[in-house]
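Below, each value reflects all heavy atoms present in this structure, side chains not excepted, and no hydrogens, waters or symmetry copies.
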Amino acid sequence: TKAEAVALAANTMLAEIINRCRREEGVRDYFDVAVLGYGGRGVCGLIDGGRFISVSRLAALDVPRRSYLRERMLPNGQSIVTTSTQKFWAEPRAEGNTPMHEALERGCALVEKWCAMPGHDASFPPVVVNISDGEATDADRDGLLTIAEKIRSVATKDGNTLLINIHISTSGSGEPIFFPYDEAQLGGGEHARALFEMSSPMPECYNDAIGAIRGDDTPNKLCYRGMSYNCAASDLLTMLNIGSVSVNLMR
């Protein structure tokens with residue numbers, strides 16, 4: 001299901017983050033992570049009650065492994081399907097309404113508290129990634145823009161919180177939009193334009209990675225916006241990996 005594909009992408013990203021932080025002496029705490037889910041039952045914490053936890057604590061959690069099929073392309077162009085396993089910190093859920101505004105409010109409170117903690121004032125700013133397959137059912141456009149602006153205003157000395165919005169396609173139709181740099185690239189979709197306005201302009205340190213995904217010749221001259229629209233579930237990991245580039249920047 002789509003919920004399972006989203007959960008797989010998110011858990012694969014968490015595993016990749018842990019691997020980037022591994023050293024001979026163990027997992028170093030380069031950053032903290034929190035995961036929230038939202039749907040028909042409201043907003044809930046999917047890991048440790050939705051609080052921030054260190055990456056070493058994340059790695060130490062006893063969570064189940066799930067099997068999934070993975071398609072790989074060989075150098076000769078032939079594709080093979082293998083079975084892989086992945087630790088699942090966050091389980092898939094898909095239910096009813098879309099209380100996006102409530103979820104963003106909860107996320108805003110988390111990053112405000114994190115940035116105010118001693119020792120975090122000089123850190124790379126938080127990165128908030130909002131994934132949804134539909135429009136908010138608990139707020140209008142103005143309400144979403146207001147809470148998005150509030151999130152983006154939370155800052156450390158190194159910069160403001162980055163808000164990345166990822167819209168998952170429900171129909172499989174329509175061209176996917178990755179990190180647009182101009183509102184004209186969005187077509188006529190009102191929801192896409194709202195997400196564009198909600199999302200952060202990406203710092204220049206991300207330009208090479210984003211430009212490589214998009215195939216842009218001169219990414220250093222562009223100002224990408226942290227969003228995607230009509231994204232396939234299989235493309236989620238690409239988007240999420242951009243959001244975790246800060247792991248490398250922090251080292």
Chemist: Atom CG in Leu222, atom CG in Asn220: separation rounded to 0.5 Å?
Modeler: 7.5 Å

Chemist: Output all residues satisfying side-chain contact (heavy atoms from CB on, under 4.5 Å) with Ser199, sequence neighbours left out; order by chain, then residue number.
Modeler: Asn165, Arg225, Met227

Chemist: Side-chain polar contacts of residues 154-161 - donor-acceptor pairs under 3.5 angstrom, sequence neighbours left out - could you list them?
Modeler:
from: Thr156; atom 1: OG1; to: Ser123; atom 2: O; distance (Å): 2.6
from: Thr156; atom 1: OG1; to: Asp158; atom 2: N; distance (Å): 3.2
from: Lys157; atom 1: NZ; to: Asp121; atom 2: OD2; distance (Å): 3.2
from: Asn160; atom 1: ND2; to: Arg152; atom 2: O; distance (Å): 2.7
from: Thr161; atom 1: OG1; to: Val154; atom 2: O; distance (Å): 2.9

Chemist: Could you check whether Tyr181 and Asp216, counting side-chain N and O atoms only, form a donor-acceptor pair closer than 3.5 Å?
Modeler: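 No, because no side-chain N or O of Asp216 sits under 3.5 Å from a partner of the opposite role on Tyr181.
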
Chemist: What's the shortest heavy-atom distance between Gly107 and Leu36, and which atoms?
Modeler: N-CD1, 4.0 Å

Chemist: Restricting to side-chain hydrogen bond (donor to acceptor under 3.5 Å, both in side chains), what partner residues turn up for Ser84, sequence neighbours left out?
Modeler: none

Chemist: Would you check if Lys150 and Glu112 make a side-chain contact, meaning some heavy-atom pair closer than 4.5 Å?
Modeler: yes

Chemist: To the nearest 0.5 Å, what is the distance between CG (Leu144) and CG (Leu104)?
Modeler: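 Leu144 CG to Leu104 CG: 7.0 Å, rounded to 0.5 Å.
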
Chemist: Considering residues at least two apart in sequence or located in another chain, which fulfil the side-chain contact (heavy atoms from CB on, under 4.5 Å) criterion with Leu61?
Modeler: Ile47, Ile53, Leu58, Val63, Trp89

Chemist: Compare all side-chain heavy atoms of Phe196 with those of Ile177 and state whether any distance is below 4.5 angstrom.
Modeler: no

Chemist: Kindly compute the distance separating OG1 (Thr137) from NE2 (His101), expressed to the nearest 0.5 Å.
Modeler: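 Between atom OG1 of Thr137 and atom NE2 of His101 there are 12.0 Å.
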
Chemist: Go through Met198 and Ile147 one step at a time and tell me if the side chain to side chain contact (heavy atoms under 4.5 Å, CB included) criterion holds.
Modeler: CA-CA 9 Å; Met198 289 169 61; Ile147 186 60; 5.7 Å; no

Chemist: Taking only residues two or more places apart in sequence or in another chain, which ones pass side-chain hydrogen bond (donor to acceptor under 3.5 Å, both in side chains) with Tyr38?
Modeler: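 With neighbours one apart ignored, the set is Asn130.
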
Chemist: Is there a path of hydrophobic side-chain contacts, each under 4.5 Å between heavy atoms of I, L, V, M, F, W or Y residues, that connects Leu145 with Val128?
Modeler: yes

Chemist: Would you mind reporting whether Glu105 and Val43 have side-chain heavy atoms less than 4.5 Å apart?
Modeler: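 No; the side chains remain at least 4.5 Å from each other.
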
Chemist: Keeping Asp138 on the side-chain end and Glu102 on the backbone end, is there a donor-acceptor pair under 3.5 Å?
Modeler: yes

Chemist: Hydrophobic cluster mates of Leu8, side-chain heavy atoms under 4.5 angstrom, ILVMFWY only, any path?
Modeler: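 In the cluster with Leu8 are Tyr68, Phe88.
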
Chemist: Nearest heavy-atom pair of Phe178 and Cys231: which atoms, and what distance?
Modeler: CE2-SG, 4.2 Å

Chemist: Between Arg193 (side chain) and Leu186 (backbone), is there a donor-acceptor pair under 3.5 Å?
Modeler: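 No.
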
Chemist: Test of understanding: with side-chain hydrogen bond (donor to acceptor under 3.5 Å, both in side chains), list the residues that count as partners of Glu25, not counting sequence neighbours.
Modeler: Arg28

Chemist: What residues, two or more places apart in sequence or in another chain, satisfy side-chain contact (heavy atoms from CB on, under 4.5 Å) together with Pro203?
Modeler: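 Result, side-chain contact (heavy atoms from CB on, under 4.5 Å) vs Pro203: Leu162, Cys205, Tyr206.
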
Chemist: Can you give me the closest heavy-atom contact between Leu46 and Gly37, atom names plus distance?
Modeler: CG-N, 3.7 Å

Chemist: Please go through Val81's hydrophobic cluster and name the other residues, only I, L, V, M, F, W, Y counting, with side-chain heavy atoms under 4.5 Å joining them.
Modeler: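 Taking Ile, Leu, Val, Met, Phe, Trp and Tyr as members, Val81 shares its hydrophobic cluster with Leu69.
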
Chemist: Looking only at heavy atoms, which two atoms of Arg106 and Gly49 are closest? And how far apart?
Modeler: NH2-O, 3.3 Å

Chemist: Would you please name every residue forming a side-chain hydrogen bond (donor to acceptor under 3.5 Å, both in side chains) with Glu149, sequence neighbours left out?
Modeler: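 Residues passing side-chain hydrogen bond (donor to acceptor under 3.5 Å, both in side chains) with Glu149: none at all.
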
Chemist: How would you list all residue pairs meeting salt bridge (Lys or Arg N to Asp or Glu O under 4.0 Å) that involve residues 196-206, not counting sequence neighbours?
Modeler: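 Counting only pairs at least two positions apart or across chains, the salt bridge (Lys or Arg N to Asp or Glu O under 4.0 Å) contacts touching residues 196-206 are Arg141-Glu197.
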
Chemist: Pair Asp133, Val6 - check side chain to side chain contact (heavy atoms under 4.5 Å, CB included), show working.
Modeler: CA-CA 10 Å; Asp133 65 354; Val6 170; over 6 Å; no

Chemist: Which word best sums up how the rings of Tyr229 and His167 line up, parallel for under 30°, tilted for 30 to 60°, or perpendicular for over 60°?
Modeler: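 Ring orientation, 0 to 90° scale: parallel.
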
Chemist: How close do Thr98 and Gly134 get, heavy atom to heavy atom, and via which atoms?
Modeler: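 Here Thr98 and Gly134 meet closest at CG2-O, 4.3 Å.
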
Chemist: Roughly how far, to the nearest 0.5 Å, is the OH atom of Tyr30 from the CZ atom of Arg20?
Modeler: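 So the CZ of Arg20 and the OH of Tyr30 are separated by 12.5 Å.
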
Chemist: Between Arg57 and Ser54 (side chain of the first, backbone of the second, donor and acceptor by atom type, cut-off under 3.5 Å), is there such a pair?
Modeler: no

Chemist: Does the side chain of Val55 come within less than 4.5 Å of Val33's, by heavy atoms?
Modeler: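 No, every pair of side-chain atoms sits at 4.5 Å or beyond.
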
Chemist: Within this structure, what is the OG-CG distance for the pair Ser228 and Leu195, rounded to the nearest 0.5 Å?
Modeler: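 These two atoms lie 8.5 Å from each other.
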
Chemist: Provide the closest heavy-atom pair for Lys87 versus Asn11 in the form atom of the first, atom of the second, distance.
Modeler: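 Taking Lys87 first and Asn11 second, the nearest heavy atoms are O-CB, 3.5 Å.
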
Chemist: Using a 6.0 Å cut-off, check whether atom CG of Asp62 has over 12 heavy atoms from anything other than its own residue.
Modeler: no

Chemist: According to side-chain contact (heavy atoms from CB on, under 4.5 Å), who are the partners of Asp182, at least two apart in sequence or on a separate chain?
Modeler: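 By the side-chain contact (heavy atoms from CB on, under 4.5 Å) rule, Asp182 matches Ala184, Gln185.
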
Chemist: Measure the shortest side-chain to side-chain distance between Arg66 and Glu91 over non-hydrogen atoms and say whether it is less than 4.5 angstrom.
Modeler: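 Side chain of Arg66 against side chain of Glu91, heavy atoms only: contact under 4.5 Å found.
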
Chemist: Donor-acceptor pair, distance only, cut-off 3.5 Å: does the side chain of Asp208 make one with the backbone of Pro219?
Modeler: no

